[in-house]
Number of protein chains: 2
Amino acid sequence: MSNLIEASGILAIATRLQRLSDQLRKEGQLIYKAHGIDFEPKWFPVVYTLHQKPVLSVVEIAAEIGYSHPSTISLLKELEKQKLVRSKKDKTDERKRLILLTEKGKELVIQMQPVWGKMSAALASLTDTPNNLMKAIEEVEANIKVRSFFEREQQQ
Amino acid sequence: MSNLIEASGILAIATRLQRLSDQLRKEGQLIYKAHGIDFEPKWFPVVYTLHQKPVLSVVEIAAEIGYSHPSTISLLKELEKQKLVRSKKDKTDERKRLILLTEKGKELVIQMQPVWGKMSAALASLTDTPNNLMKAIEEVEANIKVRSFFEREQQQ
DNA sequence: TAAAACTACGTAGCTGACTACATATATCAA
DNA sequence: TTGATATATGTAGTCAGCTACGTAGTTTTA
């Protein structure tokens, strides 16, 4: 990034956040590949959630991972294609589709556990700086909850 | 975001960054609208750069704002449609297209200056926390430069 | 007990960035 | 001076999320 944008600073913060996010995701892909694991970073929230709570409906998963339900549906389609999850009808509520990890999915989770551990450690080492990125995000989100960016601008 | 993903923590950091980025961008749109200004946050880097350096080629703009040149081209197309920028041929190098702000573009910049000021102040108030978000991003980017996420994971 | 309101799921299409590739022009080296 | 290489721009298609909207099943209420 050039000095010009550095100077305009905080106004380009949305772009900076997105770029960092993209870079981490791309490197995440490389890491799975390097371990010979056929898995994409974007699948992590769904699979991890199902690892913790084995049977959930589509909307429940969406709420857990904080995505819209259409985004969740498209992730589930990919995971079903990979045979990592399957679904069954909820017998007491015909509208619901209950999602579960397959045997292949459960085995993959076990295989990925040590990789997740190393990825966590690597991310921790990257973000262990005077201003901790995870904490900074949490602090900003908390501030937004108190008074949004929009409201703050109006009050200036 | 649910407790489950909080617990899985840092592995979902790419998603957290993107979500915060999206939220700030959306509120940015609302702010321009509330001021009756027909402008989108994604145009800011290009317009601000041309405000600072009045005549630049496509690739020069891309380099300044840190985007790929195709992304820059599509932003320029939108800005040309809005009649905020125009272009002329470089007479000494026929390959180049030189980009400039139009009169309308220059007037809009003047009109937006106070809004940019208030947005900066609002963002500063949001990110003025024990762990400063801008500094955290810079620190992580610096760490990545020293040793990437991928390399760090391999060494764990 | 039927109508209204709500909930769950799915599809279509948008967004804002990207990479890969194609073409045109400029420059450099033999 | 011409062939190789480099640079500038543009097009096409991808990606990971989103919103809007439609349908079907469930619950509530008059």
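Quick caveat, the model's predicted, so the values are computed rather than measured.
Separating the CG atom of A:Leu17 from the C1' atom of C:dG16 is a distance of 15 Å, rounded to the nearest angstrom. Atom pair A:Ile73:CD1 and C:dA8:P shows a separation of 12 Å (rounding to whole Å applied). Going from atom CG of A:Asp93 over to atom P of D:dT28 covers 12 Å, rounded to whole Å. We find that CD1 of B:Ile61 is positioned 13 Å from P of D:dA8, with the value rounded to whole Å. Here the P atom of nucleotide C:dA26 and the NZ atom of B:Lys91 are 15 Å apart, to the nearest Å. One atom, CZ of B:Arg97, and another, P of D:dG10, lie 4 Å apart when rounded to the nearest Å. In this structure, the CG atom of B:Leu24 is 15 Å from the C1' atom of C:dG16, given to the nearest Å.
Within 4.0 Å of B:Lys89, counting heavy atoms only, lies no atom of the nucleic acid at all.
Each salt bridge (charged side-chain N to carboxylate O under 4.0 Å, His left out) pair with one or both residues in residues 69-81 of chain B, not counting sequence neighbours, appears once here: B:Lys42-B:Glu78, B:Glu80-B:Arg97. Listed by first and then second residue, the salt bridge (charged side-chain N to carboxylate O under 4.0 Å, His left out) pairs that reach into residues 99-119 of chain A are A:Glu103-A:Lys106, sequence neighbours excluded.
Not counting sequence neighbours, the partners of B:His51 by the side chain to side chain donor-acceptor pair (under 3.5 Å) test are B:Gln113. Considering only residues two or more places apart in sequence or on other chains, B:Ser21 meets the side chain to side chain donor-acceptor pair (under 3.5 Å) condition with B:Arg25. Here B:Asn131 pairs with A:Glu139 under the side chain to side chain donor-acceptor pair (under 3.5 Å) rule; sequence neighbours left out.
In this model, the phosphate group of C:dA24 is not approached by any side-chain N or O of B:Lys96 to a distance below 4.0 Å at OP1 or OP2.
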Seminar exercise, completed: Reading nucleotides 13-24 of chain D from 5' to 3' and marking B where a protein heavy atom lies under 4.0 Å of the base, S where only the sugar-phosphate is that close, and - otherwise, the string is ---SSBBB----
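Side-chain atoms of A:Leu98 and A:Leu56, non-hydrogen and from C-beta on, never get closer than 4.5 Å to each other.
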